[in-house]
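The basis for the numbers below is simple: all heavy atoms, side chains too, and nothing from hydrogens, waters or symmetry mates.
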Amino acid sequence: MQFTAIGDGVNLSSHLKDVSKEYGCDIAIGESTFKPCGDRIWYSELDQIRVKGKTEPVKIYELVGLKSEPLEENKQEIIDLYHKGRKYYLNRKFTRAMGEFGTILEDISQDKASALYLERCQQYLKNPPPDDWDGVYGYNTY
């Protein structure tokens, strides 16, 4: 007998390894993992992605650590600036978003996710997204 794991969760989890590399984090988790433990972990909401074969985006998160343990120095500041930058980004305020991501990169850390968003903001300033843009970067990329 052979057993095969199938389903949306397995499909998403198979792509999270690539996602973690792209965003420069050690552990990336999806919504279904985040929801039951979100109040007990330090996290950063990385993005929303579309998985091949699906139309609805899925929120993905960086697992930073357990709340029972203190954060590394400056990590909370990075998380706060990053979330503020993402809020501006999702509201199409790309110049403001660049300021938040730029502060992280120049003053605190060479955060790969911030550099990725800074680049996206620059692209969207040159070529704005369509009116029906939902904040998801690209389609069916994972």
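- Residues G85 and A97 approach most closely at O-CB, 3.4 Å, considering heavy atoms.
- The aromatic rings of Y117 and Y23 lie tilted to each other, with the angle between the two planes from 30° to 60°.
- Atom OH of Y61 is surrounded by more than 12 heavy atoms from other residues, nucleotides or ligands within 6.0 Å.
- In this structure, CD1 on I41 lies 5.0 Å from CG on L63, to the nearest 0.5 angstrom.
- Within a 6.0 Å sphere centred on CG of D39, other residues, nucleotides and ligands contribute more than 12 heavy atoms.
- Applying the side-chain contact (heavy atoms from CB on, under 4.5 Å) test to E62 and every residue at least two apart in sequence or in another chain returns C25, S44, L46, V64, K75.
- Under the 4.5 Å side-chain heavy-atom criterion for Ile, Leu, Val, Met, Phe, Trp and Tyr, F101 and Y88 are members of distinct hydrophobic clusters.
- The main-chain N or O of V136 is found under 3.5 Å from a side-chain atom of D134 such that the two form a donor-acceptor pair.
- Summarising the geometry, atom CZ belonging to F94 is positioned 14.0 Å from atom NZ belonging to K126; distances are rounded to the nearest 0.5 Å.
- Atom OG of residue S114 and atom CG of residue L118 lie 8.5 Å apart, to the nearest 0.5 angstrom.
- Residues passing the side-chain hydrogen bond (donor to acceptor under 3.5 Å, both in side chains) test with D80, sequence neighbours excluded: Q76.
- Residue I108 is not grouped with residue L71 when hydrophobic side chains (ILVMFWY) are merged at heavy-atom distances under 4.5 angstrom, including chains of intermediate members.
- Residues M98 and L116 fall within the same hydrophobic cluster, defined by Ile, Leu, Val, Met, Phe, Trp and Tyr side chains chained together at heavy-atom separations under 4.5 Å.
- Residue I78 comes nearest to S109 through the heavy atom pair CD1-CB, 3.7 Å, listed as atom of the first residue, atom of the second, then distance.
- Using a cut-off of 4.0 Å between Lys/Arg side-chain N and Asp/Glu carboxylate O, D131 and R92 are scored as not salt-bridged.
- The two residues L90 and G135 make their nearest non-hydrogen contact at CD2-CA, 3.7 Å.
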Could you walk me through whether L66 and R40 pass the side chain to side chain contact (heavy atoms under 4.5 Å, CB included) check? CA-CA 6 Å; L66 300 174; R40 297 186 310 269; 6.0 Å; no
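- Note that NZ of K84 is 11.0 Å distant from CD1 of I104, once rounded to the nearest 0.5 Å.
- By the 4.5 Å heavy-atom criterion applied to side chains, L16 and I60 are counted as neighbours.
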Begin from the C-alpha positions of E77 and N74 and carry the test side chain to side chain contact (heavy atoms under 4.5 Å, CB included) through to its verdict. CA-CA 5 Å; E77 185 179 5; N74 296 325; 3.9 Å; yes
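- A continuous path of Ile, Leu, Val, Met, Phe, Trp and Tyr side chains, each step under 4.5 Å between heavy atoms, connects I27 with Y43, placing both in one hydrophobic cluster.
- D111 and Y82 are not linked by any side-chain donor-acceptor pair at a separation below 3.5 angstrom, with hydrogens and angles left out of the test.
- Considering CD of E31 and CD of Q48, their distance stands at 7.5 Å, rounded to 0.5 Å.
- More than 12 heavy atoms of other residues, nucleotides or ligands lie within 6.0 Å of NZ in K67, so this atom counts as buried by the packing criterion.
- By the rule that hydrophobic residues join a cluster once side-chain heavy atoms approach within less than 4.5 Å of another member, I29 and W42 end up as members of separate clusters.
- Under the rule for a salt bridge (charged side-chain N to carboxylate O under 4.0 Å, His left out), the partners of E45 that lie at least two apart in sequence or sit in another chain are R86.
- For the atom pair CD1 (I49) and CD (E22), the distance works out to 9.0 Å, reported to the nearest 0.5 Å.
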